[in-house]
Amino acid sequence: MAPSAAQRIVIENCAIATVDRDDTEYASGHLVIAGNRIESVGAGQAPTGLENVVRRIDARGHLVTPGLVNTHHHFYQWITRGLATDHNLFNWLVALYPTWARIDEEMAYAAAQGSLAMMARGGVTTAMDHHYVYPQGSGDLSGAIIRAASEMGVRFTLARGSMDRSEKDGGLPPDFAVETLEGALAATEETVKKHHDASFDAMTQVAVAPCSPFSVSTELMRQGAELARRLGVRLHTHGSETVEEEKFCHELFGMGPTDYFESTGWLGEDVWMAHCVHMTDSDIAAFGRTKTGVAHCPSSNARLAAGIARVPDMLKAGVPVGLGVDGTASNESGELHTELRNALLINRLGAHREAALNARQALRLGTYGGAQVLGRAEQTGSLEAGKLADLVLWKLDTLAHASIADPVTALVFGAAAPVTASFVNGRQIVEDGRLLHADEDAIAHATRAEAQRLARIAAQR
């Protein structure tokens, strides 16, 4: 808990959705931040006699929730948005890999700034990036991405990705876009040792993240899992995203994706996978039994015509599920708060129809579910005393939401709600929808310039 001498911020007169174990909510309540922790949350006014109160926020007309947690993204794709817009996943990858293979450190930094800025101003307090394209001579890409996250002020997990199966080996990436098995493992271990922080209030963590079965050798999968467990970090990859992937795995490995993952050590409570659209009953049961997590990316799945993930069945089976933006070359908006609504609506098109998800389940996916998937549910993802002060004030008294009586319904079913304030680790990073520690206009200019530079370089090859 925060020491008694810590500076306090008091937030009052707001609706609160704690997303705790009991989904406790307050129609009018308070929350006290002390240092970087939540000191108290409850109904009515804050306790009297609090010392060192440096700020009081009258949050009438607002809903306070835990900050949103993004569980899958590819930041570098910010500078290749709007391309290959009518492709399925495999054709989209083939079309874009030659361009992605030309990125360098300046591009990665600018793209990370753009991706992080868009998420942060929309209520994301914990972000992650699955970066797996490391062209030779491109500079310190991991360091550039981590630096951008630190400057933005968000809590961050870098999933240090890798690829070693190129076109000559039957994979999709160009031959010049992959690493060697030994090089990928060594660089990943170096990144973990240099940047991973295992402390309770860590702002930067690293996961081991070979890209996908069709761009990674079996040996990289197997040794990657061994490396992650030796270093005590989490594992991440893409899984069961399309029917083409299912066919690919059967042809190459003689089994489906989930059985293949299990054979390489890639099921477990320290693992989470992106998409998981094409899952059988036995696949879902295996994920539930092993507590393997899922990053659900509804907009990207729709953009690439991948299908509808069986999220209600996963939740029923005890699978940890969070939400992901995915790369902005397959979800050009780059926002996570819109995924609350899209997850609910798209899942209602599936077998469970109107019973698939409700507003509170969608909010849980975007907050506590995401924290669970990233292995940080003890620290964040819900508003509870002792947890880290990662939270968002959503303004719900304007034209867009004021006539919706239930604030959680307004947030999830309604238009994207304005963010009046967002706090990470007790520090405010957004005020009235604008970033406090980054220049949005400068970032927009830089990302456009780097996108144009990348396009010129790709066209010359």
List the atom of [X], the atom of [Y], and the distance in Å for their closest heavy-atom pair.
| X | Y | value |
| --- | --- | --- |
| L304 | S330 | CD1-CB, 3.8 Å |
| M163 | A177 | CE-O, 3.7 Å |
| A295 | T71 | CB-OG1, 3.1 Å |
| H278 | A306 | NE2-O, 2.7 Å |
| N301 | G307 | CB-O, 3.6 Å |
| A59 | C14 | O-CB, 3.5 Å |

Sequence-distant partners of [X], ring pair (Phe, Tyr, Trp, His ring centres under 6.0 Å), two or more places apart:
| X | answer |
| --- | --- |
| F90 | F214 |
| W394 | none |
| H238 | H72, H74, H130, H275 |
| H73 | F75 |

Those residues that, when tested against [X], pass side chain to side chain contact (heavy atoms under 4.5 Å, CB included) (two or more places apart):
| X | answer |
| --- | --- |
| V294 | C276, F287, M314, V319, V321 |
| S162 | R160, E179, A184, P210, L220 |
| R56 | V10, E12, V53 |
| P135 | I103, V133, S138, L141 |

Result of checking T367, D201, D390 against T380 for side-chain hydrogen bond (donor to acceptor under 3.5 Å, both in side chains): D390

Where the side chain of [X] meets the backbone of [Y], is there a donor-acceptor pair that is under 3.5 Å apart?
| X | Y | result |
| --- | --- | --- |
| S382 | D20 | no |
| T80 | Q77 | yes |
| T18 | T24 | yes |
| R376 | A202 | yes |
| D164 | S217 | yes |
| R165 | S215 | no |
| H196 | V206 | yes |

What distance separates [X] [atom1] from [Y] [atom2], expressed to the nearest 0.5 Å?
| X | Y | atom1 | atom2 | value |
| --- | --- | --- | --- | --- |
| W266 | T237 | CH2 | OG1 | 5.0 Å |
| L393 | S422 | CG | OG | 9.0 Å |
| I33 | I11 | CD1 | CD1 | 4.5 Å |
| R234 | R229 | CZ | CZ | 10.0 Å |
| E241 | L89 | CD | CG | 4.5 Å |
| Y368 | L363 | OH | CG | 14.0 Å |

side-chain contact (heavy atoms from CB on, under 4.5 Å) between V54 and N52, intermediate numbers included: CA-CA 6 Å; V54 296; N52 301 318; 5.6 Å; no

For residues [X] and [Y], determine if any side-chain heavy atom of one lies less than 4.5 Å from a side-chain heavy atom of the other.
| X | Y | result |
| --- | --- | --- |
| M273 | L267 | yes |
| D270 | L235 | yes |
| V233 | Q205 | no |
| T258 | S240 | yes |
| K387 | V41 | no |
| V311 | L365 | yes |
| Y76 | I145 | no |
| R37 | L388 | yes |

With distance as the sole criterion, is a donor-acceptor pair present between the side chains of [X] and [Y] under 3.5 Å?
| X | Y | result |
| --- | --- | --- |
| S199 | D197 | yes |
| T420 | H62 | yes |
| S212 | Y132 | no |
| S299 | E339 | yes |
| Y260 | T218 | yes |

Full working for side-chain contact (heavy atoms from CB on, under 4.5 Å) between F261 and T292: CA-CA 11 Å; F261 289 134; T292 302; over 6 Å; no

Check against side-chain contact (heavy atoms from CB on, under 4.5 Å), D104 and R453: CA-CA 11 Å; D104 59 25; R453 184 166 71 89; 3.0 Å; yes

Candidate pair S40 and H30, rule side-chain contact (heavy atoms from CB on, under 4.5 Å), full reasoning: CA-CA 8 Å; S40 67; H30 72 272; 3.8 Å; yes

All pairs passing side chain to side chain donor-acceptor pair (under 3.5 Å) where residues 181-191 contributes a residue, at least two apart: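 Sorted result for residues 181-191: E189-K193, E189-R230.
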
Pairs touching residues 144-154 that satisfy side chain to side chain donor-acceptor pair (under 3.5 Å), sequence neighbours left out: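 Output for this query lists Y109-E151.
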
Pairs satisfying salt bridge (charged side-chain N to carboxylate O under 4.0 Å, His left out), at least one member in residues 359-374, at least two apart: D23-R364, E25-R360, R360-D406

Please tabulate, for the side chains in residues 424-433, all donor-acceptor contacts under 3.5 angstrom to protein atoms that are two or more places apart in sequence or on a different chain.
from: N425; atom 1: OD1; to: N36; atom 2: ND2; distance (Å): 3.3
from: N425; atom 1: OD1; to: R155; atom 2: NH2; distance (Å): 3.0
from: R427; atom 1: NH2; to: H437; atom 2: ND1; distance (Å): 3.2
from: R427; atom 1: NH2; to: H437; atom 2: NE2; distance (Å): 3.4
from: Q428; atom 1: OE1; to: R55; atom 2: NH1; distance (Å): 2.4
from: Q428; atom 1: OE1; to: R55; atom 2: NH2; distance (Å): 3.4
from: Q428; atom 1: NE2; to: V430; atom 2: O; distance (Å): 2.8

R21/E384 under salt bridge (Lys or Arg N to Asp or Glu O under 4.0 Å): CA gap, chis, key distance, verdict: CA-CA 10 Å; R21 182 185 300 272; E384 301 179 71; over 6 Å; no

